4 protein chains.
Amino acid sequence: METTAILLLHCPDQQGIISEVTKFITDNKGNIVYLDQYVDKVDGMFFMRIEWELEGFMIPRDKIYEYITTLYAQRYQMKFSLYFSDKRPRMAIFVSKMSHCLYDLLARWKAGEFNCDIPCIVSNHEDLRYVADQFGIPYYVWSIKKDHSNKEEVEKAEMELLKKEDISFIVLARYMQIISDEMIAEYPHHIINIHHSFLPAFIGAKPYHQAYERGVKIIGATSHYVTAELDAGPIIEQDVTRITHKDTPESLVLKGKDLEKIVLSHAVSKHIQRKILTYKNKTIIFS
Amino acid sequence: METTAILLLHCPDQQGIISEVTKFITDNKGNIVYLDQYVDKVDGMFFMRIEWELEGFMIPRDKIYEYITTLYAQRYQMKFSLYFSDKRPRMAIFVSKMSHCLYDLLARWKAGEFNCDIPCIVSNHEDLRYVADQFGIPYYVWSIKKDHSNKEEVEKAEMELLKKEDISFIVLARYMQIISDEMIAEYPHHIINIHHSFLPAFIGAKPYHQAYERGVKIIGATSHYVTAELDAGPIIEQDVTRITHKDTPESLVLKGKDLEKIVLSHAVSKHIQRKILTYKNKTIIFS
Amino acid sequence: METTAILLLHCPDQQGIISEVTKFITDNKGNIVYLDQYVDKVDGMFFMRIEWELEGFMIPRDKIYEYITTLYAQRYQMKFSLYFSDKRPRMAIFVSKMSHCLYDLLARWKAGEFNCDIPCIVSNHEDLRYVADQFGIPYYVWSIKKDHSNKEEVEKAEMELLKKEDISFIVLARYMQIISDEMIAEYPHHIINIHHSFLPAFIGAKPYHQAYERGVKIIGATSHYVTAELDAGPIIEQDVTRITHKDTPESLVLKGKDLEKIVLSHAVSKHIQRKILTYKNKTIIFS
Amino acid sequence: METTAILLLHCPDQQGIISEVTKFITDNKGNIVYLDQYVDKVDGMFFMRIEWELEGFMIPRDKIYEYITTLYAQRYQMKFSLYFSDKRPRMAIFVSKMSHCLYDLLARWKAGEFNCDIPCIVSNHEDLRYVADQFGIPYYVWSIKKDHSNKEEVEKAEMELLKKEDISFIVLARYMQIISDEMIAEYPHHIINIHHSFLPAFIGAKPYHQAYERGVKIIGATSHYVTAELDAGPIIEQDVTRITHKDTPESLVLKGKDLEKIVLSHAVSKHIQRKILTYKNKTIIFS
């Protein structure tokens with residue numbers, strides 16, 4: 001695989017943006033390998049993901065960001081992110097006691113599906129250390145007291161670890177603790193959670209029990225970026241499965257686990273591939 | 001098709017109920033053509049639907065209800081309903097301006113999918129009279145004033161019509177008015193509504209716009225029995241479809257229409273076939 | 001709605017095509033309201049759908065085709081189609097005895113979902129004349145003898161009708177006759193069929209019975225363009241539903257009807273909106 | 001959990017079978033914890049799964065089989081299987097090079113979802129030994145030569161292992177070798193395969209490439225019992241996912257992997273729970 005540059009941008013919609021950006025790349029001998037764009041007609045916004053090979057590209061990679069800023073950003077009121085495919089993101093996984101999402105993430109990573117590093121797994125319980133050990137990944141445990149009296153201290157320690165390990169994004173793989181506003185502020189739209197319901201139905205605790213009580217005929221799972229408001233951040237992916245009156249809260253938990261792990265892993269995959277753009281508490285997911 | 005009796009029952013779970021009820025029928029020379037049962041282990045409740053041919057059954061049809069009451073009802077704390085397949089239910093359809101659910105219901109009825117009569121269609125608008133005319137069904141319009149000042153009067157007139165026509169159940173086929181508690185009390189668990197969201201997400205008005213704002217990746221539709229609390233009655237059926245960031249509120253409305261009509265018609269079909277049992281604000285749907 | 005021009009094109013992938021085509025339109029004062037493109041990396045082909053308002057466009061509408069031919073077609077080895085939104089396609093519907101697809105098409109058409117005319121419905125049976133009558137559409141019946149001895153003659157009469165009515169495309173709404181190669185040749189990729197299975201499973205007659213015999217756990221329906229080889233033309237849309245061992249051939253037929261009508265109507269809608277491009281026995285479906 | 005007896009039976013449908021069997025159990029003080037039955041009206045066959053607690057049951061567990069044989073088997077032309085919940089089945093997993101199904105099976109097993117033992121993993125390649133090592137399960141490799149000249153010898157060795165380890169059933173977790181008729185005969189309806197297509201579409205090799213060539217809009221995966229005819233055994237479970245023209249053979253493989261692992265694991269779970277009955281090349285799956 002050639003090293004590529006990936007540009008994600010959005011700006012008010014105007015004629016000619018696609019032409020200009022593609023011309024900029026091709027004029028500088030960049031070979032475009034991906035282009036997808038989308039116009040939000042309701043808000044009049046333009047969104048684009050474009051990827052090109054760096055081999056032979058006439059602008060040095062450390063100058064590209066500057067070029068785009070100078071040439072387009074102000075003129076088009078453009079916001080953009082620039083990534084290089086050989087700079088692997090570094091993912092931290094937070095878990096509690098359930099192993100299904102963790103195994104799904106690690107099995108894909110081991111099989112080469114995720115182009116990222118996993119320097120650490122963080123937990124509030126010892127339970128899943130054996131999984132981390134199976135895959136040779138350092139496992140850190142900070143117990144959180146029931147009265148949450150040490151929570152601030154724990155988060156401080158976690159934040160130090162995340163900095164030390166140069167973590168780019170965090171995956172909450174059924175981590176059963178609320179993330180503090182401070183940590184969210186450090187990783188805006190870079191913490192991915194899996195909520196075990198079809199949001200916005202059944203926000204908060206024990207959604208399968210809520211679903212059982214309400215008597216729904218379909219249950220779901222939702223991966224989303226974490227924001228300060230509980231279970232209200234931009235949704236990345238959702239999936240559902242049919243249930244019947246025969247299901248118990250226990251069988252819902254079991255059926256839900258299959259949804260959760262697939263939906264979370266897909267979201268992580270999209271994030272690693274830089275295929276997600278967030279705008280106004282929503283996501284644009286490029287193909 | 002032979003005429004059948006259909007017995008829907010539920011009671012606290014006890015050993016031997018199936019044997020006794022099936023024995024009662026077979027001992028009296030009834031040929032059982034359907035039996036399905038289900039035990040709710042959480043609540044310790046037993047549910048059964050059993051159907052047998054009346055031809056040759058030794059107990060006269062007008063005595064069966066009494067027999068079951070005497071033999072089982074008190075002893076097992078059993079609640080039950082008894083139907084005969086040759087007594088077609090009489091369905092009233094309430095509509096406003098959108099035709100898709102109405103057409104779907106009438107096309108199925110015309111094709112013989114629904115074993116029921118449709119003596120009337122009721123609306124608060126003239127818009128869909130042409131559909132009623134196409135199918136030769138009387139169409140009644142009572143306009144409801146914006147300030148709802150005549151709502152009580154209208155409902156009174158509607159109730160008179162429903163009584164005159166001996167209506168057994170009501171289908172709200174995208175009827176955009178709240179049903180009064182009085183009418184609900186007259187038709188407990190006999191008014192079927194279609195809500196254009198995956199309940200309990202997006203209760204109330206304009207659910208597709210709510211879904212658009214929230215940025216969900218899947219939308220749904222829910223058919224349910226109407227109870228006094230808005231959009232909170234027992235759910236009969238739900239279905240969903242995937243959407244993307246490319247969808248607008250308008251395209252959601254369009255995609256949703258296909259869900260709504262299928263989900264509503266399936267619920268109506270199950271109701272007509274006496275395959276729904278309600279218990280504790282939930283439905284048991286027999287196969 | 002403004003009148004728009006719609007350009008569907010494909011050609012070998014080369015840098016700069018998007019820029020050039022969009023530049024051509026914007027330089028001539030055309031306001032682009034839709035653009036979607038796709039590159040088939042396996043075959044190295046480029047596909048685009050672009051739509052712009054004719055109001056203010058500097059090239060007269062009857063010259064646009066020529067311009068595109070001269071400027072791009074040969075240079076890029078481009079194949080293209082050009083449509084105008086105010087030129088409504090004329091659809092003929094062929095039916096046999098089942099009404100569900102026909103009703104679904106006509107109900108959508110009546111509700112304004114299909115921007116097309118329906119000058120005629122053609123059948124080999126009288127059965128569905130009442131539906132045509134309900135909607136005030138001429139209904140033509142040519143009975144086909146069991147030995148097919150008059151089939152050639154019937155098709156000749158049908159072809160004359162299609163010509164007389166200036167039909168642009170044909171929809172086979174559960175029409176149970178094989179279309180001759182001659183008619184297919186007259187309407188290449190302009191005859192849409194609904195096959196009542198998840199193709200390529202269960203090609204040919206009685207697919208639900210085949211599905212029952214094989215014991216599948218999911219059934220489907222497939223809309224496709226008709227080609228000379230039976231059930232082998234480019235697939236437009238498919239959908240599926242779960243079944244269980246409890247389903248009989250009869251219940252499969254009933255469940256399948258809901259799939260068939262939705263899948264067929266969606267294909268017709270995409271066709272009318274000029275959102276389908278065929279290439280190598282496959283379809284590109286624009287969003 | 002109490003130890004239970006599980007009885008799976010089928011016979012020609014006759015009045016009174018349910019009553020008799022349930023009476024037999026309750027008269028002998030067995031507490032029934034599960035009962036589900038189904039009548040195949042097409043073939044006139046009756047199927048039942050019934051489970052009861054052994055604690056307090058008056059017939060000794062080693063006599064139950066005999067009792068049922070004597071009392072019912074001949075009289076009702078009944079075929080039945082009897083299991084005890086404390087006798088864990090012993091599963092052998094066969095793999096080749098892809099790890100996704102293997103990881104999914106082992107992660108569930110480790111989490112306690114599968115009530116079975118896994119004494120061995122068998123492969124024709126060394127590739128997945130590390131996974132077996134992670135979970136501490138013996139891994140056996142027998143390379144099969146390209147000309148298959150040693151295949152008979154390899155199967156003989158495998159059969160010896162299976163016997164030595166007292167294997168009850170085999171799971172082919174993307175094992176890319178044809179199983180010989182001899183091994184199939186040893187494990188009739190006890191070898192579970194995952195085929196990476198929606199059978200009966202795309203039987204045989206490279207189904208995702210076949211799907212790509214055909215241009216389908218949905219792909220699937222199918223778990224089934226292995227019989228002598230390739231990919232033609234009784235289907236246990238199927239699932240599907242939508243694809244578009246944008247998918248390549250490679251992306252289909254990736255999307256398919258998620259279907260395969262879930263569908264295979266669900267089939268294995270149903271098998272372990274004794275919830276599958278096979279009849280006439282089909283499965284009855286109890287809830």
Side-chain angles (χ1 to χ4, degrees), chain A residues 1 33-36 95 97-114 127-128 130-137 173-174 237 239-248 250-251 253-266 269-270 273 275 285-287, chain D residues 1 33-36 95 97-114 127-128 130-137 173-174 237 239-248 250-251 253-266 269-270 273 275 285-287:
Chain A
M1 284 280 292
V33 292
Y34 178 100
L35 184 157
D36 202 6
V95 294
K97 293 185 172 183
M98 299 181 84
S99 64
H100 58 292
C101 288
L102 180 59
Y103 264 125
D104 203 72
L105 290 166
L106 296 180
R108 287 173 198 266
W109 175 68
K110 193 85 182 168
E113 281 187 36
F114 290 161
D127 301 56
L128 299 181
Y130 75 94
V131 184
D133 287 351
Q134 282 180 322
F135 288 84
I137 298 171
R174 295 300 310 277
E237 180 156 327
D239 202 2
V240 296
T241 196
R242 285 194 179 279
I243 61 169
T244 76
H245 60 269
K246 295 189 184 177
D247 280 290
T248 59
E250 291 69 38
S251 72
V253 167
L254 213 55
K255 288 186 176 181
K257 282 164 72 177
D258 289 345
L259 294 175
E260 294 162 24
K261 72 184 184 189
I262 300 290
V263 168
L264 178 60
S265 289
H266 285 190
S269 175
K270 285 289 186 183
Q273 294 175 74
K275 294 215 161 169
I285 310 285
F286 290 102
S287 63
Chain D
M1 286 281 291
V33 293
Y34 178 101
L35 183 156
D36 203 5
V95 295
K97 295 184 172 183
M98 298 181 85
S99 63
H100 58 293
C101 287
L102 180 60
Y103 264 127
D104 203 71
L105 290 166
L106 296 180
R108 287 172 199 265
W109 175 69
K110 193 84 182 171
E113 280 186 36
F114 290 160
D127 301 57
L128 299 180
Y130 74 94
V131 184
D133 287 351
Q134 283 180 321
F135 289 83
I137 298 170
R174 296 299 310 277
E237 181 156 327
D239 201 3
V240 296
T241 196
R242 286 195 177 280
I243 61 169
T244 76
H245 59 269
K246 295 187 182 178
D247 280 290
T248 58
E250 289 71 36
S251 73
V253 167
L254 213 53
K255 288 185 176 181
K257 283 164 71 176
D258 289 345
L259 294 175
E260 293 161 25
K261 73 184 184 190
I262 301 291
V263 168
L264 178 60
S265 289
H266 284 190
S269 175
K270 285 288 186 185
Q273 293 175 75
K275 293 215 162 169
I285 310 285
F286 290 102
S287 62

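Since the structure is predicted, the reported quantities are computational estimates derived from the model, not experimental observations. Chain naming here is simple, since letters A, B, ... match the order of the sequence lines and numbering starts at 1 in each.
Interatomic distance, D/Asp239 CG to A/Asp258 CG, rounded to the nearest 0.5 Å: 10.0 Å.
Contacts of D/Lys255 classified as salt bridge (charged side-chain N to carboxylate O under 4.0 Å, His left out), with partners at least two apart in sequence or in another chain: D/Asp247. With sequence neighbours excluded, the residues that form a side chain to side chain contact (heavy atoms under 4.5 Å, CB included) with A/Lys257 are A/Met98, A/His100, A/Val253, A/Leu254, A/Glu260, D/Glu113.
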query = For A/Leu106 and D/Gln134, what are the C-alpha separation, side-chain angles and deciding distance, and is it a side-chain contact (heavy atoms from CB on, under 4.5 Å)?
reply = CA-CA 12 Å; A/Leu106 296 180; D/Gln134 283 180 321; over 6 Å; no

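Note on D/Asp104, D/Leu102, D/Thr244: by heavy-atom pairs under 4.5 Å with chain A, the leading option is D/Asp104.
In this structure, chain A has heavy atoms under 4.5 Å from both the backbone and the side chain of D/Phe135.
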